[in-house]
**Student:** 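Provided herewith is a single structure, encoded as structure tokens, for subsequent inquiry.
It should be emphasised that the depicted structure is a prediction, and the values quoted were computed from it without experimental measurement.
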Amino acid sequence: MRIMMADQGQEWKEILMDFADWTKGDLKASCVFGQLPKFEDGGLVLYQSNAILRHLGRNHDAYGKDGKEAARIDMMCDGVEDLRLKYGKMIYQEYDTGKDQYIKDLPNHLDKFEAVMAKNKTGFLVGDKPSFADYSLFEVLLNHLVLCSSCLDTSPSLKSFVEKMSARPKIKAFLGSDAYKKLPINGNGKQ
């Protein structure tokens, strides 16, 4: 969400919640699903990362040129979420015992995205400009590169995608900012 908003030239106010305040329960009790992020846009309040991404996609012309592209973008977003869940399971439940196997299996998890990216030839998942699914994939790939700096070496289209997205001026500035650098990748400190 942050990367997409930065690339779209949007300003936002971010309130980070520390674990001690979260466990007090007041905010948690007010969240529809008992979890963050919480996103406010005028009078609209949203929870769930992908719902927020879809909202941003609709509002910033990052949801395809027609219904068919939008459907493929939704499909790719769900695929990215599957990858994010596998990553999260390893980070939060199996880091000490499963990290090496996860990295070994990673090419099998990335090969679907590699094939889609190679077939599209535009450097994006769907269409000829970034969609909200591209921003989501980009963020997940950045996390994976911290986990294993060589993880994209066998995925040339994905490696090129990360380079292309990283070079976009507003994204480059955001990734170089102190605000971004101070954000933890994972809540448990494992990377």
**Student:** Please name the pair of heavy atoms, one in C151 and one in L110, separated by the smallest distance, quoted to 0.1 Å.
**Tutor:** O-CD1, 3.9 Å
**Student:** I want to check something: taking the side chain as every heavy atom from C-beta on, are S136 and L53 in contact at a cut-off of under 4.5 Å?
**Tutor:**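 In contact.
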**Student:** If you look at every heavy atom in V80 and A133, which pair is closest and at what distance?
**Tutor:** CG2-O, 4.2 Å
**Student:** May I ask you to decide whether D128 forms a salt bridge with K65, counting only side-chain N to carboxylate O separations under 4.0 Å?
**Tutor:**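 Judged by the 4.0 Å cut-off on N to carboxylate O distance, D128 and K65 do not form a salt bridge.
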**Student:** Only pairs under 3.5 Å count here: list side-chain donor-acceptor contacts from residues 1-10, not counting sequence neighbours, and write none if there are none.
**Tutor:**
from : atom 1 : to   : atom 2 : distance (Å)
R2   : NE     : E14  : OE1    : 3.1
R2   : NE     : E14  : OE2    : 2.8
R2   : NH2    : E14  : OE2    : 2.5
D7   : OD1    : R168 : NE     : 3.2
D7   : OD2    : Y135 : OH     : 2.5
D7   : OD2    : R168 : NE     : 2.9
D7   : OD2    : R168 : NH2    : 3.0
Q8   : NE2    : Y135 : OH     : 3.1
Q10  : NE2    : Q8   : O      : 3.4

**Student:** Would a 4.5 Å heavy-atom cut-off, applied to side chains only, mark I73 and L125 as touching?
**Tutor:**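 Contact flag for I73/L125 side chains = no.
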**Student:** Could you tell me which non-hydrogen atom of M90 sits nearest to which non-hydrogen atom of L147, and how far apart they are?
**Tutor:** CE-CD2, 3.6 Å
**Student:** Which atom pairs, one a donor and one an acceptor, fall under 3.5 Å between side chains of residues 43-50 and the rest of the protein, sequence neighbours left out?
**Tutor:**
from : atom 1 : to  : atom 2 : distance (Å)
Y47  : OH     : S30 : O      : 3.4
N50  : ND2    : E81 : OE1    : 3.2

**Student:** Quick one, H55 with R58, criterion side-chain contact (heavy atoms from CB on, under 4.5 Å). Give me CA distance, side-chain angles, the key distance, then yes/no.
**Tutor:** CA-CA 5 Å; H55 171 72; R58 282 187 293 275; 4.1 Å; yes
**Student:** Is the shortest side-chain heavy-atom distance between D74 and R54 below 4.5 Å?
**Tutor:** yes
**Student:** Check the pair F39 / L56 against side-chain contact (heavy atoms from CB on, under 4.5 Å), numbers first and verdict last.
**Tutor:** CA-CA 11 Å; F39 179 85; L56 291 170; 3.9 Å; yes
**Student:** In the structure I gave you, are the side-chain heavy atoms of V126 and F124 within less than 4.5 Å of one another anywhere?
**Tutor:**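 SC-SC contact between V126 and F124 ruled out.
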**Student:** Given side chains that start at C-beta, do those of M76 and S131 come closer than 4.5 Å, heavy atoms only?
**Tutor:** no
**Student:** Less than 4.0 Å between a side-chain N and a carboxylate O, is that true for E94 and K99?
**Tutor:**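 Not counted as a salt bridge, because no side-chain N and carboxylate O are separated by less than 4.0 Å.
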**Student:** Can you list the residues that meet the ring-ring contact (aromatic ring centres under 6.0 Å, His included) rule with F132, with sequence neighbours excluded?
**Tutor:**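 By the ring-ring contact (aromatic ring centres under 6.0 Å, His included) rule, F132 matches Y63.
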**Student:** Would you mind listing every salt bridge (charged side-chain N to carboxylate O under 4.0 Å, His left out) that reaches into residues 136-162, with sequence neighbours excluded?
**Tutor:**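 As it turns out, the salt bridge (charged side-chain N to carboxylate O under 4.0 Å, His left out) pairs with a partner in residues 136-162, which skip direct neighbours, are R84-E139, D153-K159.
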**Student:** May I ask you to decide if V162's main-chain N or O and S166's side chain share a donor-acceptor pair within less than 3.5 Å?
**Tutor:**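 Flag set: sc S166 to bb V162 pair under 3.5 Å.
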**Student:** Answer whether the closest heavy-atom distance between the side chains of L175 and L142 falls below 4.5 Å.
**Tutor:** yes
**Student:** Could you please spell out the steps behind the side-chain contact (heavy atoms from CB on, under 4.5 Å) verdict for L158 and L137?
**Tutor:** CA-CA 10 Å; L158 290 176; L137 177 62; 4.1 Å; yes
**Student:** Has S177 got a side-chain atom pairing as donor or acceptor with Y180's backbone, closer than 3.5 angstrom?
**Tutor:** yes
**Student:** Compare every heavy atom of P130 with every heavy atom of A62, then report the nearest pair and how far apart it is.
**Tutor:**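 Heavy-atom minimum between the residues: CB-O, 3.7 Å.
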**Student:** Which pairs with one or both residues in residues 100-113 pass salt bridge (charged side-chain N to carboxylate O under 4.0 Å, His left out), sequence neighbours excluded?
**Tutor:**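 Non-adjacent pairs meeting salt bridge (charged side-chain N to carboxylate O under 4.0 Å, His left out): zero.
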**Student:** Quick check for you: to the nearest 0.5 Å, what is the distance between S160 atom OG and L152 atom CG?
**Tutor:**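 Spacing of OG (S160) from CG (L152) equals 11.0 Å.
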**Student:** Can you sort out the partners of H144 under ring-ring contact (aromatic ring centres under 6.0 Å, His included), two or more places apart, ordered by chain and number?
**Tutor:**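 With sequence neighbours excluded, H144 shows a ring-ring contact (aromatic ring centres under 6.0 Å, His included) to Y87, Y102, given in chain and number order.
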**Student:** Quick check: do T122 and M117 have side-chain heavy atoms less than 4.5 Å from each other?
**Tutor:** no
